[in-house]
Amino acid sequence: MSAFFVSIFVSGVEDPPLVAAPPTNLDKLRHSAAHVMADAVQRLWPEAQITIGPPIENGFYYDFDSPHAFTDEDLEKIEKVMGEIVAANHPFVEKEMSREEAIAYWEARHEPYKVELVRGLPEGERITFHSHGQFTDLCRGGHVKSTGEIKAFKLLSVAGAYWRGDARNKMLQRIYGTAFPDAKQLRSYLAQVEEAKKRDHRKVGKELGLFTFHPWAPGAAFWLPKGTVLYQTLSDAMRRFLLREGYLEVKTPLIFNLALWEKSGHAAHYKDAMFHFESEDQTFGLKPMNCPSHMLLFASDLRSYRDLPLRFHDQGVLHRNEASGTLGGLTRVRQFSQDDAHIYLMPSQVPGEIGRLIDMVARVYAAFGLTYEAKISTRNPEKFAGDVAVWDEAEKTIEEVVKAKGLTYRVEPGEGAFYGPKIDFDINDALGRKWQCATIQLDYVAPERFQLEYVGEDNATHRPVVIHRAMYGSFERFIAMLIEHYGGAFPVWLAPVQARVVVVSEKHEAFAHDVVSALAARGVRVDADLSNDKLGAKIRRAQLEKIPYMLVLGDKEVAARTVAPRTRDGKQLDPMPLEAFAERIVAEAVSPLLAPVADRSAATVG
RNA sequence: GCUGGCGUAGCUCAGCUGGCAGAGCAGCUGACUUGUAAUCAGCAGGUCAUGGGUUCGAUUCCCGUCGCCAGCUCCA
């Protein structure tokens, strides 16, 4: 596994936790460190108002409302004062107050955010305060015994964050930090973060010449020749994989009259996030997703129940006008394509198909050795289309299938698409951030809006259900995950250059040409380093390019018509005849996605 | 979009408080003819993101714009 962060492999039959887990000792330590940091900040800037400061996955933060804008230099000052508070070894003391006392307490101290928090506490809840030394904070508790236990901490960054996570509220200043039981663990964590940065896809993508960007096309990648090999190899593998799984590949327009999204309902929710333009008194838009065009495709012909499930696969280019501040590398872009598909089925076929898709996700991700976390997103009461009863049914169906499959998952209330609930599969990037990749979305709304019909066994017309699904998700994001997962050292089937011929001296160039053309003729992506450098330099260059095989050619190889392969991990294989090497690498270059399927019939649903 | 930071050669980065813009790698040329992670020498390479302002003078200070980065909001 590439990322050092904890990744939960989906297995086991467990219900999601319904209540927050009790704080761990590490949480207590970090939450205590947050208190100490708030204390230090207020000692340095007494006018800074305190808000909240919880522990998080790899540390803690505290949000302040302060006229002084904190800088990176300030972090050192704050750390210094924190060090003094720790050295003083103040015990953490709990005190309970009535609601009125608590409000009066914070009003007297000019802490309006705390007043608001107290007012928002549910009736009957204990209102507790925790103090160390002179500093007191409103807080449920969960602390170490005294500040002296906070032995190893470090402040990391300062960033903006909206009060209560709402963009309509004031933006506060958030200071992030981390804390560990001892200095060794802290050092080790910081070193791991540094290591992780080395596999950042933006860095590796530049080093390996995979893709680039230009300020004139923000959020849209240029795929360089080597990156294009990666992209197309993945695309082709998925295309062939899905054909074998009974999908029909289609191509649909990139530009549509806006009427299409008025009809689908997307315009109501996402019009501002679309690129649109006028032409001859009509408004057109670049498609941000394929679903509505597939609805038109379904409706373009008479459909029988015998055709169902009908699965359209489409890798068309999509554009979404994402807010500038959200763009980043390949993980969040404005132009991308997906291994998108829409499946039309009879209601009775839904559970079986979802189960089949969950299995497919497992198979696809296993092919890359990627681990993921599943989450079920449910109806957003303020942003949904369709009938509540239908939604409830759909959510129930999804949860039942997921449980039956033994998938470990968490529920994200209100995070569903506007047309239906979904199962998303998140992958962690090198820095531990989660990105949605695969998705399975149930949709009873679109067929309704587009008046889709099929003729049933009873010769009457019926409305199909639609499942939106993607395995990779966006190619751009998925490739970012793969780059970080493999650290740029791609398996042979994905490597942009699979083998490099390295000659010992100019004398061996003629044979090098023979080797290159023989391998290229077998479909191997091979090139030759004929530069004037010494062998060591060429090996080093190939090594830095993370090429799986280097084929060293010198006098011995020329004489025997053999190649001396060296692998990327520094192993030297015995010299072998060219043909033997060709067979070996061709075998290795087969996509694991296209390995023989065990038994399709078992997975097919009726 | 919001808050903060950043933008110097193809890449990685120096450039103190304003005074002629630098290195390594990569590139080009030449020499060397090489056996598993860097052969040597020479040359070339810059509107210091961009537009404005302050100043005798701006890569450096101030403002706007664009882009990138972190986080927040958003994510069909």
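Computation of the quantities below employed the complete heavy-atom set of this structure, encompassing side-chain atoms and omitting hydrogens, waters and symmetry-equivalent molecules. Below, chain A is the first sequence line, B the second, and so on; all start at residue 1.
Taking 4.5 Å as the limit, some side-chain heavy atom of A/Phe425 sits within range of a side-chain heavy atom of A/Ile440. Taking the side chain as every heavy atom from C-beta outward, A/Lys287 and A/Thr252 approach each other to under 4.5 Å. Side-chain contact between A/Pro421 and A/Ile376: absent, with no pair of heavy atoms (C-beta onward) separated by less than 4.5 Å. You'll find the side chain of A/Lys154 reaches within 4.5 Å of the side chain of A/Leu156, heavy atoms only.
Across the P atoms, B/rU8 and B/rC69 are found 14 Å apart, a figure rounded to whole Å. Of the C1' atoms belonging to B/rU3 and B/rG18, the separation is 30 Å, rounded to the nearest Å. As rounded to the nearest Å, B/rA58 and B/rU50 have P atoms that lie 15 Å from one another. B/rA9 sits 12 Å from B/rC25 when the C1' atoms are compared, rounded to a whole Å.
Distance, A/Glu506 CD to B/rG35 C1': 16 Å, rounded to whole Å. Between A/Gln572 atom CD and B/rU36 atom P there is a gap of 8 Å when expressed in whole angstrom units. Rounded to whole angstrom, the span from the CG atom of A/Leu535 across to the P atom of B/rA37 amounts to 8 Å. The distance between atom NE2 of A/His214 and atom C1' of B/rC68, rounded to the nearest whole Å, is 13 Å. Residue A/Glu73 contributes atom CD, which lies 15 Å from atom P of B/rG4 at whole-angstrom precision. One can place CD1 of A/Ile539 at 12 Å from P of B/rU39, the figure rounded to the nearest angstrom. Per the geometry, CG belonging to A/Leu553 stands 15 Å off P belonging to B/rU36, to the nearest Å. Atom NE2 of A/His68 and atom P of B/rU3 are 17 Å apart (whole Å).
The partner of B/rA49, taking Watson-Crick or G-U wobble pairs whose two distances both stay under 3.5 Å, is B/rU65. The partner of B/rU36 is absent, by the rule that a Watson-Crick or G-U pair needs both atom distances under 3.5 Å. Nucleotide B/rG24 is matched to B/rC11 when pairs are restricted to Watson-Crick or G-U wobble geometry with both distances under 3.5 angstrom. Using Watson-Crick or G-U wobble geometry with both donor-acceptor distances under 3.5 Å, B/rC2 finds its partner in B/rG71.
Distance alone, capped at 3.5 Å, places no donor-acceptor pair between the A/Glu557 side chain and the A/Pro575 backbone.
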Fill in: Test side chain to side chain contact (heavy atoms under 4.5 Å, CB included) applied to A/Phe256 and A/Ser293, step by step
CA-CA 9 Å; A/Phe256 282 94; A/Ser293 45; 3.3 Å; yes
Worksheet entry | Footprint string (nucleotides 70-76 of chain B, 5' to 3'): B base within contact, S backbone only, - free, heavy atoms under 4.0 Å | SBBBBBB
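Residue A/Arg174 holds its CZ atom at 8.5 Å from CG of A/Leu172, rounded to the nearest 0.5 Å. For the atom pair CD of A/Gln49 and CD of A/Glu47, the computed distance is 9.5 Å after rounding to the nearest 0.5 Å.
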Contact list (N/O, under 3.5 angstrom) for nucleotides 5-14 of chain B vs protein:
from, atom 1, to, atom 2, distance (Å)
B/rU12, OP1, A/Lys206, NZ, 3.3

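Residue contacts shown for A/Gly536 are limited to sugar-phosphate atoms, with no base heavy atom under 4.0 Å away. Nucleic acid contact for A/Gly329: sugar-phosphate only, since backbone atoms but no base atoms lie under 4.0 Å from a heavy atom of the residue. Among the heavy atoms of the strands lying under 4.0 Å from A/Glu557 is at least one base atom, whether or not backbone atoms are also near.
Each of A/Val552 and A/Leu172 was assigned the nucleotide of RNA chain B with the nearest heavy atom; the assignment lying further toward the 5' end belongs to A/Leu172.
Ionic pairing of A/Glu353 and A/Arg311 is present here: one or more N-O contacts between side-chain nitrogen and carboxylate oxygen are shorter than 4.0 angstrom.
The ring of A/Phe581 has its center closer than 6.0 angstrom to the ring center of A/Tyr549.
Between B/rU36, B/rU34, B/rC68, one nucleotide has an atom nearer to the side chain of A/Ser505 than all others, and that is B/rU34.
Between the base of B/rU3 and the side chain of A/Gln173 there is no donor-acceptor pair shorter than 3.5 Å.
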